[in-house]
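Bear in mind that the values here come from a model prediction, so they are computed numbers and not experimental data. Order of appearance sets the numbers: ligands from 1, and atoms from 1 within every ligand.
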Amino acid sequence: MEKQKIIIGVTGGIAAYKIPELVRIFIKAGHDVRVAMTAHATRFIAPLTLETLSKNRVITDMFEENPDPLAHISWGQESDLVIIAPATANFIAKAAHGIADDFLSTMVVATTAPMLICPAMNSKMYANPITQENIKKLNNKGYLIMKPGEGELACNAEGPGRLPDPIDIAAQAFQMLQTKDLKGLKIMVTAGPTIEPIDPVRYITNRSSGKMGYAIAHKAAMRGADVTLISGPTNLKPPSGITLISINTAEEMRNAVFAHHTDMDMIIKAAAVADYRPALSADQKIKKREEDISIKLVKNPDILSELGSKKSKPGQILVGFAAETENILTNAKEKLVRKNLDMIVVNDVKAKDAGFDVDTNRVTFIFRDGTIHELPLLTKDEVADELLDRVREIRGKDNELHC
Ligand code: PMT
């Protein structure tokens with residue numbers, strides 16, 4: 001990773017003692033670190049410690065002798081990431097309401113950089129609905145809020161409120177700083193199951209949790225893409241910074257896909273679309289009268305095939321998934337050709353640690369030219385990054401061909 005400008009804002013909590021370690025991790029990784037502290041933070045840890053470790057002047061006072069009188073504006077606008085750690089309940093409340101009454105809070109109001117907030121406080125203060133509301137406000141604004149750790153707190157209370165370990169804060173920060181290699185690209189991802197109603201209370205669906213598709217959407221957004229996620233019903237929190245379109249049925253997914261596909265650079269179809277739907281969906285709940293009943297199923301539109309048959313934008317990359325239980329590679333290759341895809345991601349959905357509703361997946365990529373790339377068992381986030389690396393390569397090759 002190239003050298004990045006990171007600002008760490010320290011507010012007045014006992015967990016401030018962990019911040020020298022955080023600064024050290026970033027400095028060791030070759031980044032430029034600047035620290036701003038609230039007046040209360042300086043009661044817990046000396047600015048000199050952070051100044052020595054960061055090799056940069058620490059700002060604690062808006063009006064102190066300062067070679068850059070506009071630092072409260074320029075810091076947050078010239079940096080790649082702002083981290084507030086520890087973030088006290090008071091600071092979170094101020095940030096949620098745009099209060100700018102010292103250097104750090106003014107810099108936060110003025111910043112255009114991504115923000116990582118790491119709350120740390122007494123568990124009752126953390127659980128207080130006002131604090132939770134303020135956290136939600138910041139989250140809705142696009143700030144990433146790290147969940148505090150649980151356990152014994154400095155105030156002798158037990159519960160959530162501990163500042164995560166510096167190594168975990170740094171891992172989250174490195175993820176946020178990841179190279180924006182997909183910047184400028186519009187990517188559509190489909191995820192989750194579709195549900196096909198039988199009557200107002202019953203439906204046909206499948207075991208897709210949406211985890212695979214959401215991981216792709218999340219990673220693509222982290223890497224700078226403009227992401228549209230079309231999702232069937234899931235219990236997942238949508239990744240921040242994406243456009244979410246929620247649908248229920250395959251027909252609705254088709255309509256959403258075709259309303260947005262024309263200007264997409266890449267379309268990645270991880271959704272488990274129901275191949276069939278009940279021919280008729282009853283208006284009223286079907287009564288339990290007969291000993292057995294039959295439900296006639298009719299074919300749903302094959303969205304991916306339709307996309308493959310009319311690629312709308314020159315160079316548009318189309319990636320399908322194949323959920324297979326037998327003849328895995330043969331079936332997947334057949335789908336790749338029949339649906340006119342650039343790449344297909346095949347997973348054996350009978351495996352316990354892969355496919356539906358688990359956090360890991362073991363996939364094989366098959367490309368249009370017949371190349372096969374088998375991956376080991378990875379987390380779905382890791383699979384997402386591998387997949388995005390490959391589509392970026394395909395796009396690079398295509399662009400070379402178009403030149
Ligand atoms: O959501 P998770 O719990 O994380 O599980 C992940 C997953 C197993 C759902 C995912 O990894 C996966 O394999 N997704 C594709 C599931 C699927 O429907 O596979 P398929 O082989 O039936 O379909 C092939 C491709 O055609 C898929 O890209 C599918 O989105 C698409 N399709 C299928 C049917 C249809 N009517 N329209 C489609 O567009």
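In this structure, atom 25 (C) of ligand 1 lies nearest to the protein heavy atom F321 O, 3.0 Å. Closest protein heavy atom to atom 14 (N) of ligand 1: A270 O, 2.9 Å. For atom 6 (C) of ligand 1, the closest heavy atom belonging to the protein is M212 CB, 3.6 Å. For atom 30 (O) of ligand 1, the closest non-hydrogen atom of the protein is A271 O, 2.7 Å. The protein heavy-atom contact nearest to atom 2 (P) of ligand 1 is S209 OG, 3.4 Å. Considering only non-hydrogen protein atoms, atom 36 (N) of ligand 1 sits nearest to P301 O, 2.9 Å. Shortest contact from atom 37 (N) of ligand 1 to any protein heavy atom: I303 N, 3.2 Å. At the top of the distance list for atom 28 (O) of ligand 1, counting protein heavy atoms only, stands K269 O, 2.7 Å.
Counting heavy atoms only, K335 comes closest to atom 21 (O) of ligand 1 of the residues K335, K299, E324, K380. Closest to atom 38 (C) of ligand 1 by heavy atom, among D302, L336, L318, is D302. Of the candidates D275, L304, V349, it is L304 that places a heavy atom closest to atom 31 (C) of ligand 1.
Around CG of D101, the count of heavy atoms belonging to other residues, nucleotides or ligands within 6.0 Å exceeds 12.
Remark: ligand 1 and G192 share no N or O pair separated by less than 3.5 Å (distance only, no angle test). The distance criterion of under 3.5 Å between nitrogen or oxygen atoms is not met by G320 with respect to ligand 1. At a 3.5 angstrom cut-off on N or O pairs, T190 does not count as close to ligand 1.
The pair E306-R254 counts as a salt bridge, with a side-chain nitrogen and a carboxylate oxygen less than 4.0 angstrom apart.
Test R223, K219, R395 against D181 for salt bridge (charged side-chain N to carboxylate O under 4.0 Å, His left out) and you get one pass: R223.
Looking only at distances, a side-chain donor or acceptor of D342 sits under 3.5 Å from a matching main-chain atom of L318. Without hydrogens or angle criteria, T205 side chain to T194 main chain gives a donor-acceptor distance under 3.5 Å.
Taking the six-membered ring for Trp, F174 and H31 have ring centres closer than 6.0 Å.
Contacts between N347 and ligand 1, counted as non-hydrogen atom pairs separated by less than 4.0 Å, involve the side chain only. Neither the backbone nor the side chain of A250 has any atom closer than 4.0 Å to an atom of ligand 1 (non-hydrogen atoms only). Looking at S208 against ligand 1, both its backbone and its side chain come within 4.0 Å, counting heavy atoms.
Residues R277 and I204 are not in side-chain contact: their nearest non-hydrogen atoms beyond the backbone lie 4.5 Å or more apart.
Residue-ligand proximity: M253 is placed with every non-hydrogen atom at 4.0 Å or more from ligand 1.
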